[in-house]
Amino acid sequence: MEEDAGALPKKQDFSEWYNELLWRAEIMDVRYPVKGLYVWYPYGFAIRRFVYDRLRQLLDRDHKEALFPLLIPEQEFMKEAEHIKGFEDEVYWVTHGGTTPLDVKLALRPTSETAIYPMFALWVRSHADLPLKIYQVVNTFRYETKQTRPLIRLREITSFMESHTVHATWDEAEAQVESEIALSQEFYKSLCIPIVISKRPDWDKFPGADYTIAIDTIMPNGRTLQIGTVHHLGDHFSRTFSIQYEDKNGEQQIAYQTCYGISERCIAALISVHGDDKGLVLPPAVATLQAVIVPITIGKRRDDVLAAADKLKSDLESSGFRVKLDTRDMRPGAKYYWWELRGVPLRLELGPRDLDAGKAMAVKRTGEKTSIRLANAAEDTTRVLAEVADALRAKAEDGMKEHLCSVASMEQLNGALNDGKVAVVHWCQDRACGDKIEEQANSSILGTNVRSPYVQESDGPCVICGKPGKATLVGRTY
Ligand code: A5A
Ligand code: ZN
């Protein structure tokens with residue numbers, strides 16, 4: 001890697017900045033010779049590990065992790081009518097074993113309902129088996145026809161977390177939807193990524209769901225990115241796959257289900273929302289390294305400085321921080337550049353003068369400088385990292401606020417979208433008006449029932465027909 005390949009102007013061309021950063025910071029290698037398939041470099045994969053560790057930590061509170069097969073027999077896949085309709089154009093099929101045609105075609109899972117639910121039908125016997133909450137983190141395959149992009153639109157989604165739950169009643173399933181939404185809020189809070197939550201219009205819900213709640217964030221260019229979805233499946237799949245339980249009175253009842261999914265788009269959001277002209281900026285909770293110590297060993301006292309730096313490292317490590325001591329034979333400036341590009345939230349510089357003062361200079365990746373006491377290194381580092389997370393969150397929240405606005409006409413809507421904004425309009429919820437909004441503004445209706453501190457629920461005349469409408473989020477999406 002070159003020492004300084006120049007600044008990465010993010011504002012100028014976000015898309016180019018994103019692609020450039022993926023290889024400069026060694027996150028994804030996009031040169032794999034199959035469209036929509038990409039390679040995780042070790043550094044990118046380490047980020048993935050910490051992000052998914054956090055996700056698992058939240059899920060493990062009340063879900064159990066399991067693992068189902070990749071291949072789904074055609075007859076199971078074809079059982080739920082809406083589900084097939086939604087996915088048939090996106091499925092990869094395995095048709096041969098060697099040169100022998102298979103008796104039963106096998107689908108590469110685009111998502112795992114039809115792999116999991118036949119087994120749930122065997123697992124669920126009585127009310128005592130409910131609720132059942134499992135998840136898995138797997139690869140899934142979708143033959144996407146829109147432009148593929150690393151971490152954003154993949155044909156092999158490598159990091160698909162899907163949770164699947166079974167409940168005794170529709171209301172309990174609804175409560176589970178809320179619980180998965182709360183989990184997502186907590187997850188994205190650790191990533192310092194602001195989100196908006198909304199109910200997708202009926203035509204955009206998950207194939208086979210009663211309704212879909214989506215989690216979106218706004219990328220720096222104003223396009224929205226769906227970074228999670230929670231689906232109330234009602235009894236569509238449980239009827240199809242006979243997922244039933246015996247209730248307390250000994251009667252057979254049909255069960256109700258939810259599913260919930262998050263992919264590596266969460267890492268695309270992490271990179272895009274926080275990164276800057278110097279490179280990545282990783283939130284402390286999921287940073288591969290939380291602090292890097294750079295000893296300033298010019299002149300005498302080299303050994304003193306190195307010994308103190310080593311002690312600082314072991315003090316921080318024994319308090320659970322992920323730390324590295326960078327003793328490479330490089331100019332300090334080159335090291336700063338190196339770690340800034342890789343997003344390390346805190347740099348601790350330690351030279352002879354700092355040593356005399358019992359301190360290390362602490363440079364936050366968000367810009368500000370402060371110091372930590374060597375004798376209280378863990379305590380001070382905890383505080384400074386919390387400040388970095390707060391600063392990141394505040395900056396990202398400002399970005400989200402700036403990208404949101406309210407408009408009252410189609411003309412204003414077009415203007416706002418052309419300005420890189422996501423807009424709230426009033427919409428009567430009729431499909432015909434929805435189609436017009438999408439066509440005339442080259443946009444997508446994200447949803448109603450918007451949950452965001454920056455959007456007020458309100459009623460008003462539909463921008464198309466003038467009938468009473470509800471506040472609706474409209475944007476241009478990835
Ligand atoms: N079984 C449910 C959970 C499901 O499949 N839902 S979903 O189709 O909405 O996908 C879940 C999430 O995966 C989406 O919200 C989106 O964030 C992500 N996703 C979907 N297709 C993707 C693709 N081609 N590349 C990357 N992420 C994708
Ligand atoms: Zn209308």
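One-based numbering, in listed order, for ligands and for the atoms of each.
A salt bridge is defined here as a Lys NZ or Arg NE, NH1 or NH2 lying under 4.0 Å from an Asp or Glu carboxylate O, and Arg365 with Asp276 meets this definition. Under the 4.0 Å criterion applied to side-chain N and carboxylate O atoms, Asp430 and Lys436 are not assigned as salt-bridge partners. Between Lys189 and Glu186, none of the side-chain N atoms (NZ, or NE/NH1/NH2) sits under 4.0 Å from a carboxylate O, so this pair counts as no salt bridge. Salt-bridge formation is not detected for the pair Arg56/Asp60: no Lys NZ or Arg NE/NH1/NH2 atom is positioned less than 4.0 Å from an Asp or Glu carboxylate oxygen. Taking the charged nitrogens against the carboxylate oxygens, Arg31 and Asp29 do have a contact shorter than 4.0 Å, which makes a salt bridge. Ion pairing between a basic and an acidic side chain is recognised when a charged N comes within 4.0 Å of a carboxylate O; Lys395 and Asp398 show no such pairing. The existence of a salt bridge linking Glu178 and Arg451 is confirmed by a sub-4.0 Å separation between a basic side-chain nitrogen and an acidic carboxylate oxygen.
Atom numbering of ligand 1 starts at 1 in the shown order; those under 4.0 Å from a heavy atom of Glu144 are 21 (N), 23 (C), 24 (N). Of all atoms in ligand 1, listed by their number and element, those nearer than 4.0 Å to a heavy atom of Cys259 are 1 (N), 2 (C), 3 (C). Distances below 4.0 Å separate heavy atoms of Gln226 from the following atoms of ligand 1: 9 (O), 14 (C), 15 (O), 16 (C), 17 (O). Taking every heavy atom of Arg142 and a limit of under 4.0 angstrom, the matching atoms of ligand 1 come to 5 (O), 8 (O), 10 (O), 20 (C), 21 (N). Every atom of ligand 1 is numbered from 1 in the order shown, and the set under 4.0 Å from a heavy atom of Gly228 is 15 (O), 17 (O). Against a heavy-atom cut-off of under 4.0 Å, Ile157 is close to the following atoms of ligand 1: 21 (N), 22 (C), 23 (C), 24 (N), 25 (N), 28 (C).
Scanning all heavy atoms of the two residues, the minimum distance from Ala287 to Leu282 falls at CB-CB, 3.8 Å. Taking every heavy atom of both residues into account, Trp427 and Thr472 meet most closely at CB-OG1, 3.4 Å.
Between Tyr260 and ligand 1, no pair of N/O atoms sits closer than 3.5 Å. For Leu154, a nitrogen or oxygen atom sits less than 3.5 Å from a nitrogen or oxygen atom of ligand 1, counting backbone and side chain alike.
Residue Ile215 does not touch ligand 1, judged by heavy-atom distances below 4.0 Å. Using a 4.0 Å cut-off between heavy atoms, Arg155 makes no contact with ligand 1 at all. Of the heavy atoms in Thr111, only side-chain atoms (C-beta onward) come closer than 4.0 Å to ligand 1.
With hydrogens left out, the protein atom closest to atom 26 (C) of ligand 1 is Ile152 O, 3.2 Å, a heavy atom. At the shortest separation from atom 13 (O) of ligand 1 among protein heavy atoms lies Phe160 CE1, 3.6 Å. Given atom 27 (N) of ligand 1, the protein heavy atom at minimum distance is Ser263 OG, 2.8 Å. Regarding atom 6 (N) of ligand 1, its nearest protein heavy-atom neighbour is His231 NE2, 3.0 Å. Here the heavy atom of the protein found nearest to atom 4 (C) of ligand 1 is Phe206 CE1, 3.4 Å. Looking only at heavy atoms of the protein, atom 7 (S) of ligand 1 is closest to Thr229 OG1, 3.6 Å.
Between Phe68 and the options Tyr117, Trp123, Phe160, a ring-ring contact (aromatic ring centres under 6.0 Å, His included) holds for only Trp123. Arg142 pairs with exactly one of Val91, Thr111, Asp89 by the side chain to side chain contact (heavy atoms under 4.5 Å, CB included) rule, that one being Thr111.
A cation-pi arrangement is absent between Arg223 and Phe14 under the rule of less than 6.0 angstrom and at most 45 degrees off the ring axis. Geometric assessment of Arg155 against the ring of Tyr143 yields a positive cation-pi assignment under the 6.0 Å and 45° thresholds.
The closest approach between Leu151 and ligand 1 stays at or above 4.0 Å for every heavy atom of the residue.
The closest non-hydrogen atom to atom 1 (N) of ligand 1, taken over Arg153, His164, Glu113, Glu162, comes from Glu113.
Each protein N, O or S atom less than 2.8 Å from the Zn ion (ligand 2) was counted, giving 4.
Between Tyr256 and His167, the ring center distance fails the sub-6.0 Å criterion.
With Arg109 contributing its side chain and Ile72 its backbone, the two residues share no donor-acceptor pair below 3.5 Å.
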